[in-house]
Amino acid sequence: THPLENQDLDQDGLPDDYEVANQMDPNDPADGSTADEDGDGLTNGEELAEGTDVQNPATDGDTVPDGEDGWAKVPDYAPARLPVPQYAVV
């Protein structure tokens with residue numbers, strides 16, 4: 001295995017090999033899973049989970065930021081994301 005594979009030396013929630021591949025510092029927790037490297041409304045951790053480009057605010061090239069694009073990997077198809085359901089216990 002690669003020495004950085006599955007390691008998270010700065011304990012920021014992102015694997016070191018992912019950070020290196022995406023021009024982040026594997027020793028700096030400030031660029032971790034809760035940061036938004038490209039300002040698109042998705043955290044770096046959400047980008048990793050969804051497979052979107054952490055360095056490109058509109059992964060599919062349609063100019064709609066990934067955080068607003070319900071289909072962030074499909075160009076020219078950008079319905080809004082569904083709202084997060086709110087539940088109340090009665």
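None of these values were measured; they are calculated from a predicted model.
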Asp36: which residues meet the side-chain contact (heavy atoms from CB on, under 4.5 Å) condition with it, sequence neighbours left out? Asp38, Asp40
Thr59 (side chain) donor-acceptor with Lys73 (main chain) under 3.5 angstrom: no
Rounding to 0.5 Å, atoms OG1 (Thr43) and CG (Leu48) come to a distance of 9.0 Å
So CD of Glu46 and CG of Asp66: to nearest 0.5 Å the spacing works out to 10.5 Å
Can you tell me how far the CG atom of Leu14 sits from the CD atom of Gln7, to the nearest 0.5 Å? 14.0 Å
All heavy atoms of Asp62 vs all of Ala58, minimum pair found to be OD1-CB, 4.2 Å
Counting only N and O atoms by type, is there a donor-acceptor contact under 3.5 Å from the side chain of Asp8 to the main-chain atoms of Asp12? yes
Report the residues that fulfil side-chain contact (heavy atoms from CB on, under 4.5 Å) with Glu37, sequence neighbours left out, ordered by chain and then residue number. Met24, Asp31, Asn44, Val54, Gln55
Please enumerate all residues that pass side chain to side chain donor-acceptor pair (under 3.5 Å) together with Glu19, with sequence neighbours excluded. none
Interatomic distance, CG@Asp25 vs CG@Leu9, rounded to 0.5 Å, equals 10.5 Å
Testing the basics here: between Gly13 and Ser33, what is the closest heavy-atom pair and its distance to 0.1 Å? CA-OG, 4.0 Å
Nearest 0.5 Å, what's the CG-OG1 distance between Leu42 and Thr52? 5.5 Å
Measure across Ala30 and Ala35 and return the closest heavy-atom pair with its distance rounded to 0.1 Å. O-CB, 3.5 Å
